[in-house]
Asker: 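Let me give you the structure first, and then I'll get to my questions.
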Amino acid sequence: MANLKQHNRRNFLKGTAIAGGGLVLGFNWAGCKGDPSLPLRVMKAIPTEWIDFNAFLKIGETGLVTIMSPNPEIGQNIKTSMPMIVAEELDVDFFDVVVEQAGLNTEWYTRQVAGGSQSIRKGWESLRKAGATARHMLVEAAAKRWNVDAKDLTTSKGIITNATGETLTYGELAKEASTIDVPENPTLKDPKDFKIIGKSQKNVDVEKIITGQPLFGIDTVKKGMVYGSVLRPPAFGSTLVGYDDTKAKAVNGVIDVIKFGEKVGVIASNTWAAMKGKKALVAEWKLGEKVEDTKYHNELLSSHLSKKAKEARRTDGDVDKALSGADEIFEKSYAAPFLPHNCLEPMNCYAEVTDKKAYVLGPIQTPEWQLSNLSEQLEMDKENITIELTRMGGGFGRRLYGDFVAEVAELSKLSKKPVQLLFTREDDMTAGTYRPASQYRFKVGLKDGKIDAYHLTEACFNGKMFGQMPSNFPCGAVENYRVDSHKLESNISTGAWRAPYANFLAYAEQAFFDELAAHLKKDPVTFRIEMLERAKNNPTGENLSYDPERLIGVIKLAAEKANWGQKEEGKYKGFCAYYSHNTYVAEVGHVSMKDGSPFVDKITCAVDCGIVVNPKAALNQIEGGIIDGIGHAMYGDFEFIEGASQFNNFHQYRLIKMPEAPEINVHFVESNIDPTGLGEPTLPPAGGAVANAMAAATGKRMYSQPFVKHFDVKG
Amino acid sequence: MPTYQLNINGEVKSVNADADTPILWILRDELNLVGTKYGCGIAQCGACTIHVDGTSMRSCSLPISSLESNQKITTIEGLDKNAKHPLQEAWIEHDVPQCGYCQAGQIMSAASLLKENNKPTDKDIDNAMQGNICRCGTYLRIKKAIKTASKNM
């Protein structure tokens with residue numbers, strides 16, 4: 001998300017006029033349909049001139065406003081919600097706003113990234129300031145024209161009114177306003193005066209989506225473009241010995257076959273020919289010395305759970321001493337497989353690389369990082385490389401990585417042609433950047449019926465829980481606390497997967513707590529609240545990552561809304577609460593038995609994300625996170641044999657489908673705290689809520705995902 | 001390369017293509033109708049759903065040679081001339097999409113369902129829609145939107 005950079009005046013106020021004729025992107029059709037009692041509104045005319053106020057917004061003489069959405073849109077809806085924040089402080093009607101996706105512009109924006117559910121949180125202040133700055137300048141311009149004090153003027157819906165009731169529109173004032181000094185600290189609205197934030201605004205791209213207009217990377221068509229498909233090593237750790245491209249070149253439409261590194265690219269006049277050409281390649285591969293399989297992965301991980309790391313991630317008190325003096329040790333371990341992302345739009349990208357310049361257009365979550373990579377790869381100055389962004393058919397972490405950008409740039413460079421590269425689903429699933437397999441062990445020392453020691457050990461491939469995660473709950477609530485991480489090496493390529501680490505750790509921890517509460521004969525909700533009260537009133541250690549009070553808040557809200565404690569024949573509940581990505585979530589899973597297997601009927605969810613910017617879209621993210629979390633906890637499985645993925649398409653890899661998606665009831669904690677993100681935080685607790693409800697229904701505890709392996713679960 | 005006559009969204013198009021080329025790639029690469037999406041290539045995800053003579057089909061697994069020139073193909077672009085099919089309006093009302101990639105296929109499957117059964121039960125909807133994957137998990141909204149459209153038809 002884009003923080004507003006400090007611009008010098010010339011830069012900040014480019015003052016350029018951009019012809020309006022080419023403007024076709026992102027029209028907001030708000031109000032056109034739906035409630036028949038509302039008069040049909042006609043959008044303001046497209047202006048002949050746009051006046052730039054800052055990197056985020058420009059205003060035309062007709063009063064139409066363009067707001068740039070700087071961050072990549074992967075389905076988290078920031079292309080709507082970030083401009084809403086700008087429009088709020090500018091004080092215009094969101095109906096009069098056109099949203100445009102900004103390309104990479106490191107001079108104008110910082111953190112043009114979609115990741116970590118941080119766009120809204122980190123953009124909040126600068127987006128508000130961008131709108132408020134322009135509003136201030138418009139009001140000053142009106143004051144000048146009327147020769148009155150700016151303090152006596154009011155704004156609403158893009159209209160400025162003076163004490164005598166005269167009005168001027170933003171459109172009329174835009175040019176004059178652009179010459180006013182840029183205020184350093186413009187006044188921001190009191191949240192109680194918000195008119196756009198907190199009111200649902202529909203997705204600015206929805207009309208294009210439902211009519212099949214080109215929006216996504218895969219939809220790119222450019223003059224002279226050829227289509228690329230790439231054959232990659234079939235196993236991690238294998239290398240290319242040689243290949244025969246005779247049959248590939250005989251495929252109708254195949255233009256060329258190009259080797260680069262350990263890969264062979266086929267370029268063709270259409271996608272089907274490129275795919276067929278790739279299939280027709282006869283390649284010989286050699287397995288390297290190190291090829292891994294799932295059995296090896298699992299054994300290596302579990303062998304580290306009883307070992308201490310060289311250095312603890314966090315230590316409070318003395319865990320060893322407390323464990324040795326404990327009345328009882330309670331210990332459980334949990335295991336997770338590697339997982340592919342499976343964005344429904346497979347990886348793809350367009351590139352046009354010449355000796356002097358490179359142009360890249362595609363579904364890229366990290367444009368600034370890819371600019372650096374491309375500069376190095378192509379040995380080209382950054383200023384000669386342009387990166388533009390398309391809407392993305394899902395991200396889930398996969399498009400943070402630039403392997404497909406590097407590949408298409410190389411293919412374009414070597415073929416000297418503009419190339420659109422597309423992964424087949426098989427490519428996408430077998431050449432992934434997987435969630436690493438991981439295992440967690442929880443070892444608790446009980447003294448006088450209370451937790452006196454808590455020792456968490458993590459074993460994970462190619463990474464370990466990041467940042468403040470070792471200081472998450474129950475840190476602060478236990479006298480003796482220690483977290484150890486083992487980062488083990490694997491040659492399977494791994495990376496972030498929606499809510500990294502938390503996506504599995506939350507289930508493991510919360511399933512452990514559920515079992516521990518049962519062992520101690522305590523109600524799981526009361527058990528958590530007692531521990532959090534301790535962390536709130538008398539915390540062990542300092543610098544907790546979370547606010548115990550806010551976690552208690554969502555736990556109580558979810559418990560109340562789910563009628564926790566009330567029993568119903570044949571219905572079972574499971575509780576889970578987790579803080580991740582700066583947002584607090586509690587979920588109650590509701591399960592019943594269906595044909596002898598547990599079935600998830602409903603999830604009750606409580607969320608504290610501070611101010612809710614766009615309620616309907618926020619609910620969409622929350623529901624999606626829960627369904628994704630249930631789907632992968634239930635069905636997500638993956639296996640490697642001799643370095644090769646054993647699943648390559650959706651007939652083998654089960655994703656959650658409509659009949660398995662439960663009813664979801666969401667409740668927000670009302671708040672005026674600055675907003676935090678929602679793309680990830682509701683996913684982690686879903687697995688725990690389901691596991692604990694299934695344990696209540698069946699008496700069976702699960703220590704690994706996917707759950708489908710533990711039950712004959714029917715869809 | 002053989003030439004095929006296709007009736008797409010009410011227009012007759014002439015296309016040169018290899019006989020095994022799936023209709024999906026004819027639509028996308030030859031006719032610039034990119035609303036129909038590629039997701040899996042093996043008829044498992046539903047992103048490529050179109051109608052052939054009103055019945056939903058997976059265009060990724062439908063070779064061009066398998067179609068007769070008098071068969072009528074409808075894509076998301078041709079579902080309604082004014083983009084006002086009750087499903088499209090319901091999709092806006094419920095603000096269904098997240099990433100949006102699967103939604104054209106979802107709407108085409110739903111349109112086929114409503115054509116056969118304009119008052120579907122939850123179970124009917126589940127059965128008709130279970131071949132369409134939404135990786136973002138918008139299933140609940142899709143279901144609500146189908147019910148709204150069913151009421152408005």
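So you know, we letter chains A, B, ... as the sequences are listed, proteins then strands, and number each from 1. Every heavy atom of this structure was used, including side-chain atoms; hydrogens, water molecules and symmetry mates were not.
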Asker: Would you compute the distance between atom CG of Leu87(B) and atom CG of Asn152(B) and round it to the nearest 0.5 angstrom?
Answerer: 10.0 Å
Asker: Which pairs pass salt bridge (Lys or Arg N to Asp or Glu O under 4.0 Å) with one or both residues in residues 22-51 of chain B, sequence neighbours excluded?
Answerer: Asp219(A)-Arg28(B), Asp219(A)-Lys37(B)
Asker: If you count every heavy atom of other residues, nucleotides or ligands that lies below 6.0 Å from Lys123(B) atom NZ, does the total exceed 12?
Answerer: no
Asker: For Gly629(A), does its backbone N or O pair with a side-chain atom of Arg498(A) as donor and acceptor, under 3.5 Å?
Answerer: no
Asker: Among Cys102(B), Gly100(B), Ala90(B), Cys45(B), who wins on heavy-atom pairs under 4.5 Å with chain A?
Answerer: Gly100(B)
Asker: Identify which part of Phe423(A) has an atom lying under 4.5 Å from any heavy atom of chain B, answering side chain, backbone, both or neither.
Answerer: backbone
Asker: Which heavy-atom pair separates Tyr653(A) from Gly636(A) by the least distance, and what is that distance?
Answerer: OH-CA, 3.7 Å
Asker: Answer yes or no: is there a donor N or O on one side and an acceptor on the other, between the side chain of Glu680(A) and the main chain of Ser117(A), under 3.5 Å?
Answerer: yes
Asker: May I ask you to say whether Arg398(A) pairs ionically with Asp428(A), meaning some side-chain N is under 4.0 Å from a carboxylate O?
Answerer: no
Asker: Between Gln76(A), Glu73(A), Lys276(A), which has the largest tally of heavy atom pairs under 4.5 Å with chain B?
Answerer: Lys276(A)
Asker: Pairs under 3.5 angstrom only: tabulate donor-acceptor contacts from the side chains of residues 612-619 of chain A to other protein residues two or more places apart or in another chain.
Answerer:
residue	atom	partner	partner atom	Å
Asn614(A)	OD1	Gln201(A)	N	2.7
Asn614(A)	ND2	Gln201(A)	O	3.0
Lys616(A)	NZ	Glu93(B)	O	2.4

Asker: Just say parallel, tilted or perpendicular for the rings of Phe216(A) and Tyr101(B), cut-offs at 30° and 60°.
Answerer: perpendicular
Asker: Quick one: do Arg391(A) and Glu345(A) make a salt bridge, cutoff under 4.0 Å?
Answerer: no
Asker: Looking only at non-hydrogen atoms, find the nearest pair between Ala145(B) and Trp91(B) and report the distance.
Answerer: CB-CE3, 3.6 Å
Asker: Output the option from Ile74(A), Val206(A), Ile218(A) having the highest count of non-hydrogen pairs under 4.5 Å with chain B.
Answerer: Ile218(A)
Asker: Specify whether Tyr38(B) and Trp25(B) have parallel, tilted or perpendicular ring planes, treating 30° as the upper limit for parallel and 60° as the lower limit for perpendicular.
Answerer: tilted
Asker: What residues of residues 5-20 of chain B sit under 4.5 Å from chain A when you count only heavy atoms?
Answerer: Asp18(B), Asp20(B)
Asker: Can you tell me which portion of Asn620(A) sits under 4.5 Å from chain B's heavy atoms? Options are side chain, backbone, both or neither.
Answerer: both
Asker: Between His85(B) and chain A, with a heavy-atom cut-off of 4.5 Å, which part of the residue counts as in contact: side chain, backbone, both or neither?
Answerer: neither
Asker: Top residue by heavy-atom pair count (under 4.5 Å) with chain B, among Thr271(A), Ile656(A), Leu422(A), Ile627(A)?
Answerer: Thr271(A)
Asker: Among Ile626(A), Asp628(A), Asn77(A), which has the most heavy-atom pairs under 4.5 Å with chain B?
Answerer: Asp628(A)
Asker: Non-hydrogen atoms of chain A under 4.5 Å away: do they reach the side chain of Ile125(B), the backbone, both or neither?
Answerer: both
Asker: Rounded to the nearest 0.5 Å, what's the gap from CG on Leu361(A) to SG on Cys349(A)? Could you check?
Answerer: 7.0 Å
Asker: Which bit of Met429(A) comes within less than 4.5 Å of chain B, counting heavy atoms only: side chain, backbone, both or neither?
Answerer: neither
Asker: Between Leu215(A), Ile630(A), Asn270(A), Val221(A), which residue shows the highest count of heavy-atom pairs closer than 4.5 Å to chain B?
Answerer: Asn270(A)
Asker: Quick check: under 4.5 Å, non-hydrogen atoms only, which of residues 126-142 of chain B neighbour chain A?
Answerer: Asp126(B), Met129(B), Gln130(B), Ile133(B), Arg135(B), Cys136(B), Gly137(B), Thr138(B), Tyr139(B), Leu140(B), Arg141(B), Ile142(B)
Asker: By the definition side-chain contact (heavy atoms from CB on, under 4.5 Å), identify the one residue from Asp80(B), Leu79(B), Thr74(B), Thr75(B) that meets it with Glu77(B).
Answerer: Thr75(B)
Asker: With chain B as the partner, which of Arg425(A), Lys657(A), Met658(A) has the greatest number of non-hydrogen pairs under 4.5 Å?
Answerer: Met658(A)
Asker: Determine whether a donor-acceptor pair (N or O, by modelled atom type, separation under 3.5 Å) exists between the side chain of Ser56(B) and the backbone of Ser109(B).
Answerer: no
Asker: If you count heavy-atom pairs within less than 4.5 Å of chain A, which of Gln106(B), Gln98(B), Gln103(B), Lys143(B) leads?
Answerer: Gln98(B)
Asker: Is there a side-chain contact between Glu660(A) and Arg654(A) (heavy atoms, below 4.5 Å)?
Answerer: yes
